[in-house]
Amino acid sequence: MLNIAVFASGRGSNFEALHSAIVEEKFPARIVVVVSNNSQAGALSLARSFNIPAFHISQKQFATIEVFNEKVLQTLHSLDVNFIVLAGYMKKIDASLIRAYRNRIINIHPALLPKFGGEGMYGIHVHEAVIAAKEKQSGATVHFVNDKYDRGEIIEQVKVNIDTDDTPQSLAAKVLQVEHALLPRVVKRFAEKSER
Ligand code: GRF
């Protein structure tokens, strides 16, 4: 059984898609906690509406980054978390967490990595850069998280075609739609593998 922690800083539509897939498809996974560095994150209120424990844990609440990282790890251990999904989490994951969950942390990124990833490549900025580069295709990538931003091993990608009249906003909507199918599909595979 995958005991998943979802880390999210924003609206939480990928978290919601994953939650719905687990409920509907009944694969061996449960989201045991949602963690956010943003007290206003839609993901936190969504989680509470599903009766999933939801914690706002921000570095600002702690004297040092080490104490913050310890708090995150403690929270995960206390809930028996064995898999972490980053779904719009806007903070770099600390090395201590990567060590504790090696190959058990995945992230979803709204472009075809290794292109259009790294520092500053988040949200609408990604789609603006893709349109500015006159790409014919974009898409979504799920990858393992390591100590280099958006550079961990790619697990799966889905492509979307870019039309000549696409804007960053219309492209964002297209990509988000494929993200909502991709993330649950990948997590389902991990969940089924964990049962074997
Ligand atoms: C998604 O586009 C995801 O790829 C990126 O952040 C966005 C999160 O959206 N990492 P949401 O909060 O899941 O709606």
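Order of listing sets the numbers, starting from 1, for every ligand and every atom in it. When a residue number appears, it is its place in the shown sequence, counting from 1. Computed from a predicted structure; not experimentally measured.
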For ligand 1, is there an N or O atom under 3.5 Å from any N or O atom of [X]?
X	result
N107	no
L176	no
F15	no

Measure the distance from [atom] to every protein heavy atom, then report the residue, atom name and distance (to 0.1 Å) of the closest one.
atom	answer
atom 7 (C) of ligand 1	G88 CA, 4.2 Å
atom 13 (O) of ligand 1	N14 N, 2.8 Å
atom 1 (C) of ligand 1	E179 OE1, 3.0 Å
atom 9 (O) of ligand 1	R11 NH2, 3.3 Å

Does G12 have a heavy atom less than 4.0 Å from any atom of ligand 1?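 For ligand 1, residue contact (heavy atoms, under 4.0 Å) with G12 is present.
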Give every residue pair that meets the ring pair (Phe, Tyr, Trp, His ring centres under 6.0 Å) criterion with at least one member in residues 148-176, sequence neighbours excluded.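 Non-adjacent pairs meeting ring pair (Phe, Tyr, Trp, His ring centres under 6.0 Å): zero.
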Should E135 and K115 be marked as a salt bridge (charged side-chain N to carboxylate O under 4.0 Å, His left out) after you check the CA-CA gap, both sets of side-chain angles, and the distance that decides it? CA-CA 11 Å; E135 295 286 324; K115 283 171 120 181; 3.0 Å; yes
For S13, atoms of ligand 1 separated by under 4.0 Å from a heavy atom: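 Answer for ligand 1: 11 (P), 12 (O), 13 (O), 14 (O).
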Under a 4.0 Å heavy-atom limit, does H109 contact ligand 1 with its side chain, its backbone, both, or neither?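 Looking at H109 and ligand 1, just backbone atoms fall under 4.0 Å.
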Should the ring pair F50 and H19 be called parallel, tilted or perpendicular, given that the plane angle runs from 0 to 90° and is split at 30 and 60?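 Parallel: the ring planes of F50 and H19 meet at under 30°.
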F68 six-ring face occupied by K71 cation (under 6.0 Å, within 45°):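 No; the conditions do not both hold, so K71 does not lie above the ring face of F68.
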D147 and K92 ion-paired at < 4.0 Å: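 No, D147 and K92 are not salt-bridged.
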Candidate with minimal heavy-atom separation from atom 10 (N) of ligand 1, of I124, L182, I108, V142: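 Going through I124, L182, I108, V142 one by one, I108 has the nearest heavy atom to atom 10 (N) of ligand 1.
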Please check if the side chain of R104 supplies one atom and the backbone of N82 the other of a donor-acceptor pair under 3.5 Å.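 Here the side-chain-to-backbone pair exists.
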Would N38 and S36 count as a side-chain hydrogen bond (donor to acceptor under 3.5 Å, both in side chains) here? Give the steps. CA-CA 5 Å; N38 169 13; S36 184; 5.3 Å; no
Supply the atom-to-atom distance K148 NZ to I98 CD1, rounded to the nearest 0.5 angstrom.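 Here the rounded value is 10.0 Å.
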